[in-house]
Amino acid sequence: MPTADGPQRPLVLVSHRGPVEYRIDDNGHRYAARGGGGLVTALSGLAVDRSDVVWVAAAIADEDRAVAAEHGGDAFTAERDGGSFCVRFVENDPEAHHRFYAIIANPILWFIQHYLWDLSNAPDIGDHEKDAFAHGYVTVNERFADAVAGEVERLGGHGVVMTHDYHFYLLPAMVRERCPGALLQHFVHVPWPQPDAWRVLPTEMRKRILEGALGNDLIAFHTERSARNFLLTCQELLDLEVSFRNMCVLIGGRQVAVRWYPISIDVADFERLAAGPEVRSHAEELAAHRRDHLIVRVDRTDLSKNILRGFKAFDVLLQQHPELAERVTFLAHLQPSRQDVPEYVEYVDQIKRLVADINLKHGTTEWQPIDLQLDDDFPRALAAYTQFDVLLVNSIYDGMNLVAKEGVLVNERDGVLVLSENTGVHDELGAFALTVNPFDLGDQAEKLYAALTMAPDEKRARRAQCVAVVRENDLSKWLERQLADIAVLDS
Ligand code: GDG
């Protein structure tokens, strides 16, 4: 039975990216790097040095595939950062993986779940998309389900399976069929939208997605809002009986529990990273060249992050407050993302064009109002966190948004968080941040100004309250609460 110290039943973790990615160094030697993304950080503690925990993930790079082949597709032990992980790589046909990832998961599912479709223009669900679902999303879910079922059986048939994210909605039902003794839990890191958002998909496709996810015993989100939307979706689109009191869906004589657990960061680990020499040196450089005010944003170049409206709001701020000219810089640290999806390539172009326009309109020979850093450079992002006066997080929708939690924790200037009401983190930090409607440019400009001119005592008090929440609801709590609920289901 799982406990807060770790599951007693064997555990199978499932995510698209795993704990290691293999690369070749300049001398031609293979090495294991840490897999990308916050999810890997969040789950590594559960899996490190545990022989009864196996992590099933996609072999993405060529070297991953080579390692998988050397182990005959079976689970193997991977060493990374002084710890060991039991990993099972899933090799996918590259074409099928492309359809799964670049046509269905990102963008179609991601766009649905963040309400990003401009419905009068897109999406077209034609043969191309239907084929990508049937021969991409379904295929990859089946490949993963085979691997997961294989691991559950190898570990005795009664393990806990913890699946992550929107890539694998079909997998739970597939695994349930093959492993009736397993306990299946699924964490969805993105928002679950209202039922109508799913009507973009043909009936069969959305039914398959929902019924696949309902193969779980427990399905979890960051927020109550997402959990309730999931129940509504099951009620409206599948005509299933749901209970908002018990937060569950009834299907085929079973109850599927629906819960929410706000994800967080490993506070001690994050503080240690922010104190590292590379971050300090970037932070000193920022401090040496700063103007009176520094607004910061840190994001992937994802459409959901609302980067263009953030710049437009800054444009409004500069128009309304000419006294800020030459005194404020907006540092945008943007990590390029999903450049295999055309909409994301176009988005980066739009960002560059808008920044050029605003800098031309307001800038001088001495001053560029927006400092655009398009780069994957984690230490620089951390350095920006330490130095901001205002952190802008104005996502259109966001499952949680870890940037807000990380930023307030390590900031050294009692900086103020300007936060979209449509982020999961707003449930926890909204009371101490300045809330914005992500579509309202005037509101965002006004809150940026209020944050820049806030009295020091109020800034200090607001940040202290944010930090207290982040410290209290840290990553271990996120995991412990899930393991405790799994233990209840198991009893
Ligand atoms: C999804 C959901 C949910 C920043 N610059 C770089 C870099 N970062 C790190 C940040 C942060 C992470 O990337 C971004 O996390 P977010 O949570 O803000 O956003 P998503 O990537 O969209 O994450 C989100 C999350 O899953 C967890 O459930 O909160 O709602 O959308 O940790 O510090 N990382 C690297 N280079 C950079 O330049 N490698």
Side-chain angles (χ1 to χ4, degrees), residues 107 111 114-118 120-122 286 289-339 341-377 380-381 384 387-398 403 407 416 418-420 422 434 436-453:
F111 274 42
H114 292 84
Y115 300 95
L116 291 175
W117 289 117
D118 170 10
S120 62
N121 290 305
L286 268 178
H289 296 104
R290 58 170 293 128
R291 300 207 170 226
D292 293 348
H293 307 292
L294 182 63
I295 300 172
V296 163
R297 77 173 305 144
V298 171
D299 281 303
R300 287 185 300 104
T301 53
D302 195 291
L303 283 78
S304 66
K305 304 295 181 182
N306 209 17
I307 295 164
L308 297 172
R309 286 198 192 84
F311 291 143
K312 288 179 189 167
F314 184 57
D315 180 21
V316 173
L317 173 77
L318 294 178
Q319 283 176 52
Q320 289 178 343
H321 295 280
E323 75 279 10
L324 288 175
E326 311 236 348
R327 293 182 53 215
V328 59
T329 307
F330 186 163
L331 167 61
H333 178 94
L334 303 179
Q335 183 192 354
S337 182
R338 300 180 187 166
Q339 293 298 294
V341 177
E343 285 88 343
Y344 283 70
V345 177
E346 167 63 18
Y347 196 53
V348 172
D349 284 346
Q350 285 178 292
I351 289 169
K352 286 182 185 161
R353 286 200 298 272
L354 183 60
V355 169
D357 288 350
I358 294 173
N359 279 346
L360 190 66
K361 181 172 165 192
H362 297 282
T364 64
T365 46
E366 302 293 312
W367 171 62
Q368 292 290 285
I370 302 176
D371 178 359
L372 177 63
Q373 296 188 3
L374 269 169
D375 208 0
D376 182 340
D377 190 336
R380 273 191 199 277
Q387 297 303 308
F388 69 77
D389 299 300
V390 177
L391 179 66
L392 178 63
V393 175
N394 67 331
S395 317
I396 292 174
Y397 285 94
D398 217 324
V403 166
V416 180
V418 172
L419 183 61
S420 162
N422 292 340
L434 296 185
V436 288
N437 174 316
F439 306 100
D440 185 339
L441 302 184
D443 183 35
Q444 288 167 71
E446 203 178 289
K447 300 292 169 43
L448 286 174
Y449 185 72
L452 288 174
T453 54

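Side chains included, hydrogens not; waters and symmetry mates left out as well; all remaining heavy atoms used. Note that the structure is a prediction, hence the values are computed from the model and not measured. For reference, positions follow the sequence shown, starting with 1.
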[X] side chain to [Y] backbone, donor-acceptor under 3.5 Å:
X	Y	answer
D302	K305	no
R353	V355	no
D299	L334	no
D376	Q335	no
D440	G442	yes

Is there a side-chain contact between [X] and [Y] (heavy atoms, below 4.5 Å)?
X	Y	value
K352	L374	yes
S395	Y397	no
Y449	V328	no
R297	H333	no
D118	S120	yes
F330	P369	no
V296	V390	no
R338	E343	no

Q | Parallel, tilted or perpendicular: rings of W117 and F111 (30°, 60°) | A | tilted

**Q.** Result of checking V316, L354, N306, L441 against F311 for side chain to side chain contact (heavy atoms under 4.5 Å, CB included)
**A.** L354

As an exercise, state the distance from [atom1] of [X] to [atom2] of [Y], rounded to the nearest 0.5 Å.
X	Y	atom1	atom2	answer
L294	Q387	CG	CD	7.5 Å
K312	D357	NZ	CG	10.5 Å
R300	Y347	CZ	OH	11.0 Å
E323	L318	CD	CG	10.0 Å
L331	I370	CG	CD1	11.0 Å
T329	F388	OG1	CZ	15.5 Å

What's the shortest heavy-atom distance between [X] and [Y], and which atoms?
X	Y	answer
T301	P336	OG1-CA, 3.4 Å
V436	V418	CG1-CG1, 3.6 Å
L317	A445	CD1-O, 3.5 Å
K447	L434	O-CD1, 3.6 Å

Q.
Would I396 and L303 count as a side-chain contact (heavy atoms from CB on, under 4.5 Å) here? Give the steps.
A. CA-CA 8 Å; I396 292 174; L303 283 78; 6.0 Å; no

Q: Quick one: do S420 and V393 satisfy side-chain contact (heavy atoms from CB on, under 4.5 Å)? Show the steps, please.
A: CA-CA 6 Å; S420 162; V393 175; 5.6 Å; no

Donor-acceptor pair between [X] and [Y] side chains, under 3.5 angstrom:
X	Y	value
E326	T364	yes
D315	Q319	yes
Q444	N394	yes

Q: Start with the C-alpha gap between L324 and H293, add the side-chain angles, then the distance that decides, and say whether side-chain contact (heavy atoms from CB on, under 4.5 Å) holds.
A: CA-CA 9 Å; L324 288 175; H293 307 292; 3.9 Å; yes

Q.
For L448 and I295: C-alpha separation, side-chain torsions, deciding distance, then whether side-chain contact (heavy atoms from CB on, under 4.5 Å) applies.
A. CA-CA 8 Å; L448 286 174; I295 300 172; 4.3 Å; yes

Q. Would you call D389 and R290 a salt bridge, using N to O less than 4.0 angstrom?
A. yes

